[in-house]
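Order of listing sets the numbers, starting from 1, for every ligand and every atom in it. All of these numbers come straight from a predicted model, not from anything done at the bench. Excluded from the calculations below are hydrogen atoms, water molecules and symmetry mates; all remaining heavy atoms, backbone and side chain alike, are included.
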Amino acid sequence: MKQREPEARSLQARSSGQWHEHYVRNARSRLDVPWERGAEITPEEKEAIGESLQAWQLGETSDGRHLLAAARRYARRQDDPLFVEVVRLFIKEEQRHGRELGRFLDLAGIGRVSRNWGDTIFRAFRYCLPSMEIWVTVVVMVETLALLYYRAVRDATSSKVLRQICAQILRDEVHHIRFQYERLAILHRHRSWPLLAATRLVHRVLYSGIVLAVWAGHHRALSAGGYSFATYWQAAWLRMRFAWLRMDPVRYSWSESLVEAEPQAELATDR
Ligand SMILES: [Fe+2]
Ligand SMILES: [Fe+2]
């Protein structure tokens, strides 16, 4: 086993109680969206971001049934019942994103969609392998790209309503990413270093695919927001490298242990 630098263990993962507090507080302190102004989106902006926004809105509207089922199994094993409530609040926040984007799409006369290839792939991936780890891994990657995406949409439009919706989503997603990378650190904390190295390799391969898929589906909106493929690729990896650093279990102090069960047990039984 590799020797760990003691000073590396400076991070502390939040407990379910702390996350519960965060989500409750966050639901109460939201930015005001000036809906009374109307959509104020130009035909050019609509053309550039409309279709992409429809797909992203669909992705934000999952009912979370599969995730909740995985969270319940995981929480039972970890003896952490509050974790299910936290996940419920997290899903509610994602659904609010979906609701507000949907309301904007209606207001702008763009309309909503009920199917999209990207959304179908991501859902299928998560549903076929319904373990907490797989779910969190995919979601932290998508949410990392969501930071780039909503920033691009915000910069691609003069609509005050849409800009404010994006600002709120960006505020929320920063915490979602932390929620996921801390969970991955917890899930990985008993993993041996060779297995951890293999996990990291799988992450990089998977992330490359997701980065390319998001560009394929949303390059028009991303370009309208100022990204070229090169700057998008660079920003995507920079952001994810931060999340990878923060999901490294050696950086955490586990003295106030949050959970005790072996994450390997979850992997074995969830699939
Ligand atoms: Fe979201
Ligand atoms: Fe999110």
key: Of all pairs that satisfy salt bridge (charged side-chain N to carboxylate O under 4.0 Å, His left out), the ones with a partner from residues 101-112, not counting sequence neighbours   = D106-R112
ask   = Are side-chain N/O atoms of H97 and Q168 paired as donor and acceptor at under 3.5 Å?
value =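 The answer is no; no qualifying pair exists.
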ask   = Distance-only, no hydrogens or angles: does the W254 side chain make a donor-acceptor pair with backbone N or O of P249 under 3.5 Å?
value =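 A pair under 3.5 Å: yes.
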ask   = List-wise, which protein N, O or S atoms are found short of 2.8 Å from the Fe ion (ligand 2)?
value =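 Under 2.8 Å from the Fe ion (ligand 2) - ignoring waters, which are not counted - the protein N, O or S atoms are E94 OE2, E143 OE2, E173 OE1, E173 OE2, H176 ND1.
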For residues 204-217, dump all side-chain donor-acceptor pairs below 3.5 Å to protein atoms at least two apart in sequence or in another chain.
{"from": "R204", "atom 1": "NH1", "to": "R200", "atom 2": "O", "distance (Å)": "3.2"}
{"from": "Y207", "atom 1": "OH", "to": "A236", "atom 2": "O", "distance (Å)": "2.7"}
{"from": "S208", "atom 1": "OG", "to": "R204", "atom 2": "O", "distance (Å)": "2.8"}

request  = Any side-chain hydrogen bond (donor to acceptor under 3.5 Å, both in side chains) involving residues 230-240? Give me the pairs, sequence neighbours left out, ordered by first then second residue.
outcome  =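 Matches after skipping sequence neighbours: S228-T231.
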message = Could you check whether any side-chain heavy atom of Y149 comes within less than 4.5 Å of a side-chain heavy atom of L53, counting everything from C-beta outward?
response =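 Yes, side chains in contact.
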